[in-house]
Amino acid sequence: MAMDMAEKSVLIEEMLKLNKVEAGEKVVIVTTHEYNQDDLRAYREALSRLETQAFHIVLPPRAKGARLKDPGTPFFYEVLRHADMVLLPKSSCVEPLPSIHSDGIMETLHDGVRALTIQLPLEKVRTMWPTPDLIERTLIGARLMEEAETIRIISGNDVELVMNKKGRPAHTQHGIADVPGRWDNFAFGCVSSTPWENSATGTLVVGPPAAISPLVRFVQEPFKLTLKNGYITNIEGGLEAKLLGRWLEQWDDPESYGTSHVGWGTHKRVGVGEGGGRANLVSYLHNAYGTLLIAFGSSVHPHTAQYSGGGGQREAASHCDIGAVEVDFYLDDRLVCRDGKIVDPECR
């Protein structure tokens, strides 16, 4: 159901209050040149009512050859470092805004600035509003993730993918960037960590219901990924396998085949296959309760606050998220998720 201007403005104000945006704080809104102007007006009205010092920066796309690059400049990042909060509202999941993994954003977070991405449309945000129980089970899951040394994923005919994360921090997304140095993604719910770059070995079978982010596509035919020493070495299957293989190949970068982050969704209000186009795909991939999220490619995400940043070090030309339901997810020998449900009694 469409929202009018007043509804959007009130929704944004409540979102900002959850993130402890207060009177007098310096807030920077960053969008591309194509951002929805009605939504932008709603942000301005909400920030005005909260009596913040707020302004808007427009970043047109920048490219190097045929590829988009970080549109931020040194001057842009210098401005951000004087803010208390940076808001990154997106109207799609492919906009060329500064990546949260970019050096400039990471330095900003290290300086104590808070950052909040709003990746979903405001109508979707309203239906996926963070609840106390969502926040609690996400934080409990993060504690378990941080304590674990090994991640095991069992799929298909009991095939196993094993990776080492000993010493790597846990990362959460539950919508609240309320302490210095924290980044979050509003209306999301997930726990993840970044395994050591050369550790993942074994096989992962991905079948419907599942989704692949860069293809903007739900999986129709099962496919199998074989990994050795942290890299995909073989992709077998039908149409999605071929499309994924071609997508990875185009980057001409071996690191695009390397593991990035891995974890599970904690949000109970994500409908698999419901309407919403790209927004539904993004929310399903990252958030759906008990769903595996595994990523390949860039993983640079230093630890800047508690449960913010997985500590990854892989630099790659691309990043690919895959969400899958029909797997068993273990932390060491502790079963956390099974077939799209969180079954661990402590964090479900």
Side-chain angles (χ1 to χ4, degrees), residues 8 11-13 15-21 25-44 46-47 50 52-62 68-73 75-122 124-125 128 130 171-188 190 213 278-279 282-283 285-287 298 300-302 304-305 308-309 319 321:
K8 289 181 178 181
L11 184 83
I12 292 167
E13 184 176 359
M15 174 181 71
L16 296 175
K17 288 178 180 177
L18 278 179
N19 282 271
K20 295 187 178 178
V21 174
E25 284 201 313
K26 298 181 288 292
V27 181
V28 180
I29 311 170
V30 183
T31 71
T32 68
H33 61 302
E34 295 183 336
Y35 189 73
N36 183 295
Q37 294 302 304
D38 287 340
D39 286 3
L40 184 59
R41 180 183 162 195
Y43 276 95
R44 289 197 300 262
L47 288 163
L50 289 171
T52 64
Q53 303 178 60
F55 63 93
H56 175 213
I57 294 180
V58 177
L59 284 183
R62 297 173 69 203
L68 291 171
K69 61 178 291 187
D70 183 353
T73 63
F75 177 58
F76 165 76
Y77 287 117
E78 181 62 28
V79 171
L80 293 196
R81 280 193 283 274
H82 292 279
D84 295 298
M85 170 69 88
V86 176
L87 300 177
L88 297 161
K90 298 185 178 185
S91 56
S92 78
C93 66
V94 292
E95 284 185 354
L97 281 175
S99 168
I100 199 65
H101 305 295
S102 70
D103 290 342
I105 292 291
M106 285 297 115
E107 290 172 9
T108 300
L109 294 173
H110 274 300
D111 286 345
V113 179
R114 315 192 307 277
L116 186 70
T117 298
I118 305 93
Q119 193 162 343
L120 303 176
L122 292 174
K124 190 78 174 174
V125 166
M128 294 178 59
H171 172 73
T172 63
Q173 295 179 44
H174 52 72
I176 313 298
D178 58 351
V179 297
R182 179 163 178 79
W183 166 78
D184 214 315
N185 211 334
F186 198 76
F188 275 38
C190 58
S213 64
R278 179 180 288 121
V282 171
S283 61
L285 275 169
H286 288 80
N287 307 306
S298 58
V300 178
H301 196 179
T304 56
S308 186
H319 185 85
D321 291 318

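Computed from heavy atoms alone, side chains included, the values below leave out hydrogens, waters and symmetry copies.
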Of all heavy-atom pairs between [X] and [Y], which one has the smallest distance, and what is that distance?
X      : Y      : answer
Ala305 : Pro180 : CB-O, 3.7 Å
Lys26  : His82  : CE-O, 2.7 Å
Lys17  : Leu50  : CE-CD2, 4.0 Å

Can you find a heavy atom in the side chain of [X] that is under 4.5 Å from one in the side chain of [Y]?
X      : Y      : result
Tyr43  : Leu122 : yes
Glu25  : Arg114 : yes
Glu107 : Tyr77  : no
Met15  : Val21  : no
Leu120 : Met128 : yes
Ile105 : Val86  : no

Could you grab the distance from atom [atom1] of [X] to atom [atom2] of [Y], nearest 0.5 Å is fine?
X      : Y      : atom1 : atom2 : value
Phe188 : Ile118 : CZ    : CD1   : 10.5 Å
Ile29  : Leu116 : CD1   : CG    : 11.5 Å
Leu88  : Leu59  : CG    : CG    : 9.5 Å
Gln173 : Thr117 : CD    : OG1   : 8.0 Å

Residues forming a side chain to side chain donor-acceptor pair (under 3.5 Å) with [X], sequence neighbours excluded:
X      : result
Asp84  : none
His56  : Thr31
Asn287 : none
Ser298 : none

Give the ring-plane orientation class for Trp183 versus His171, where under 30° counts as parallel, over 60° as perpendicular and anything between as tilted.
parallel
Quick one: side chain to side chain contact (heavy atoms under 4.5 Å, CB included) partners of Val28, sequence neighbours excluded?
Val30, Phe55, Ile57, Leu80, Ala83
Under 3.5 Å, is there a donor-acceptor pair between the side chain of [X] and the main chain of [Y]?
X      : Y      : answer
Asp184 : Ala177 : no
Ser213 : Asp321 : yes
Thr108 : Val113 : no

Results of ring-ring contact (aromatic ring centres under 6.0 Å, His included) for His174 - residues two or more places apart only
none
The single option from Asn19, Ile12, Leu18 that satisfies side-chain contact (heavy atoms from CB on, under 4.5 Å) with Leu16 is Ile12
Give a yes or no on whether a salt bridge exists between Asp39 and Lys8, defined as a side-chain N under 4.0 angstrom from a carboxylate O.
yes
